[in-house]
Amino acid sequence: VDIEVVQETGSTNADLMARLQVLQRPVLRVAVHQTAGRGRAGRPWLTVPGGMLTFSLAWHLPQAPQNLLGLPLAIGVALAECLNTLNQNVQLKWPNDILRDGKKLAGILLESAAAIEGGTWIVAGIGLNLQVSDELEAQVGRALADAPWLAQMDRNHLLAQLLNALATALQQFAGQGFSAFLSRWNALHAYANQTVHILDHGQVLHTGLALGVDLLGCLVLQTEQGQVNVLAGDVSLRPV
Ligand code: ATP
């Protein structure tokens, strides 16, 4: 993996997406500060200088883009398991947020493009809150989680652990797809057997008991009308 570290950029995901078709090898791009971080559907990912670890990994997978539905969840599993070995006690919120004490500690943005030579290039962007300020919480408009003792850790060492976890997970996904991650995701599910709303552009689309995820990475909901398997698409989950 080629490793690039920049002091400041708009978005490490955008930087790598712009170069995807000419990449020869996997690239890890780390930004000390990101000024235009993005979440899903173009939602902003806000940062404070020095308070966050933001990086993106570009990687080639043999699968076609349509077979990568479970990949964002697999990446969540890999990161959450790694953070848990670092004493963080984190859980997963479907589809792919990492929570600590029910608040968002990290977000994942997965983007992809079909590769010219077959398979898919993916770019997995991660924003991990190390130390959040009141100002950042006010900007985002909700309470956020941070991890002060990760902030104390040597950044290179922390990054190396996360990169190792991601690379192992991507190799596993290349061979076995999401089946290698299904029970691991469900073991980390923050809202297992709790009632949740699924929102589409702010409107409640479904309400039900969140049972877990299926092999496609859909959230399995027990609703009054029966079982519904919700595709991540652009919907959001809220506990009721
Ligand atoms: P939600 O978290 O609202 O369910 P989502 O999971 O789709 O939505 P993403 O698109 O992954 O969220 O991330 C964007 C959202 O994350 C923003 O709308 C904002 O609410 C939140 N956010 C932005 N910056 C941060 C941050 N530094 N830490 C935690 N959450 C943030």
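Every number for a ligand or one of its atoms is a count from 1 in the order of the listing. No hydrogens, no waters, no symmetry mates; every other heavy atom, side chains included, goes into these values. Just so you know, these numbers come straight off a predicted model, no measurement behind them.
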Aromatic plane relationship, Tyr191 with His189 - under 30° parallel, 30 to 60° tilted, over 60° perpendicular: perpendicular

Where does the angle between the aromatic ring planes of Phe181 and Phe173 fall among parallel (under 30°), tilted (30 to 60°) and perpendicular (over 60°)?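 Ring orientation of Phe181 relative to Phe173: tilted.
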
Do Gln131 and Asp146 have side-chain N/O donor and acceptor atoms under 3.5 Å apart?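 Side chains of Gln131 and Asp146: no pair found under 3.5 Å.
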
Best match, Val235, Leu99, Leu109, Val140: closest heavy atom to atom 19 (C) of ligand 1: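 Among Val235, Leu99, Leu109, Val140, the closest heavy atom to atom 19 (C) of ligand 1 comes from Val140.
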
Atom indices of ligand 1, in the order listed, that fall short of 4.0 Å to a heavy atom of [X]:
X	result
Arg43	5 (P), 7 (O), 10 (O), 14 (C), 18 (O)
Arg142	1 (P), 2 (O), 3 (O), 20 (O)
Lys93	1 (P), 2 (O), 4 (O)
Met52	27 (N)

How about [X]: does its [atom1] atom have over 12 heavy atoms from other parts shown lying under 6.0 Å from it?
X	atom1	answer
Glu117	CD	yes
Asn89	CG	no
Gln66	CD	yes

Among all protein heavy atoms in this structure, tell me which lies nearest to atom 17 (C) of ligand 1, with the distance rounded to 0.1 Å.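 The closest heavy atom on the protein side is Pro44 O, 3.4 Å.
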
Would Arg238 count as a contact residue for ligand 1, given that I'm defining contact as a non-hydrogen atom of the residue lying under 4.0 Å from a ligand atom? yes

Strictly under 4.0 Å, does any heavy atom of Arg38 approach an atom of ligand 1? no

